[in-house]
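Note that this is a predicted model, so its numbers are computed, not measured. If you read the sequence from its start, that first residue is 1, and numbering goes on from there.
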Amino acid sequence: MPGACIVDSGALVALLDPREEHHVWARENLSRQPLPWFTCESVLSEAIFLLHEPHLRALDQLLRQGHLRLALNLAAELRPVLDLRAKYASVPMSLADACLVRLSEILPDPVVVTTDADFRIYRRHSRLAVPCLMP
């Protein structure tokens, strides 16, 4: 079992909105991951944009209960995050994706739970595949 479960916006939205295509997959896979789950502000911004009530309140509850935690200080990690975006400019890599790849570099024994196939392309520490769970 991984030491750090890192959650992307697609997986969060799928978990919280039963109408989402990957809802069952997200519910089953995230329920097996240790708490707390980790993410970043950019992922929250994307998820908030995509979710509607009552699913937004469910996201708030995950945060209030400490089940979902912000784990990246973008000000402190700005250079490596921007370097990742530059490296993957041809994909192109979003700020949220760059932050999650950076989290996978700094958290112990990580796994990224995502619906985004671009994570198959990204590398942590320039050469290592990003450990992922995806549909």
By salt bridge (charged side-chain N to carboxylate O under 4.0 Å, His left out) - contacts of [X] (at least two apart):
{"X": "Arg64", "value": "none"}
{"X": "Arg57", "value": "Glu53"}
{"X": "Glu28", "value": "none"}
{"X": "Asp116", "value": "none"}

For residues 82-90, tabulate all N or O donor-acceptor pairs below 3.5 Å that involve a side-chain atom, not counting sequence neighbours.
| residue | atom | partner | partner atom | Å |
| --- | --- | --- | --- | --- |
| Arg85 | NH1 | Met93 | O | 2.3 |
| Lys87 | NZ | Ser126 | O | 3.4 |
| Tyr88 | OH | Arg123 | N | 2.8 |

Between CG on residue Leu12 and CG on residue Leu44, distance to nearest 0.5 Å:
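Answer for the CG-CG pair, Leu12 versus Leu44, is 7.0 Å.
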Taking only residues two or more places apart in sequence or in another chain, which ones pass side-chain contact (heavy atoms from CB on, under 4.5 Å) with [X]?
{"X": "Ala14", "result": "Glu20, His22, Ala26"}
{"X": "Leu133", "result": "Trp25, Asn29, Gln33, Val111, Val113"}
{"X": "Glu41", "result": "Leu70"}
{"X": "His52", "result": "none"}

For [X] versus [Y], what's the shortest heavy-atom pair and its separation?
{"X": "Thr39", "Y": "Leu100", "answer": "OG1-CD2, 4.3 Å"}
{"X": "Thr115", "Y": "Gly10", "answer": "OG1-CA, 3.5 Å"}
{"X": "Gly66", "Y": "Pro36", "answer": "O-CB, 3.3 Å"}
{"X": "Leu30", "Y": "Trp37", "answer": "O-CZ2, 3.2 Å"}
{"X": "Cys40", "Y": "Cys99", "answer": "SG-CB, 3.5 Å"}

Answer yes or no: does atom CD of Gln61 have more than 12 heavy-atom neighbours from other residues, nucleotides or ligands under 6.0 Å?
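Enclosed.
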Contacts satisfying salt bridge (charged side-chain N to carboxylate O under 4.0 Å, His left out) that involve residues 68-79 (not counting sequence neighbours) are Glu77-Arg102
Taking only residues at least two apart or on different chains, which pairs with a member in residues 54-73 satisfy ring pair (Phe, Tyr, Trp, His ring centres under 6.0 Å)?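 For residues 54-73, and leaving out neighbouring residues, there are no ring pair (Phe, Tyr, Trp, His ring centres under 6.0 Å) pairs at all.
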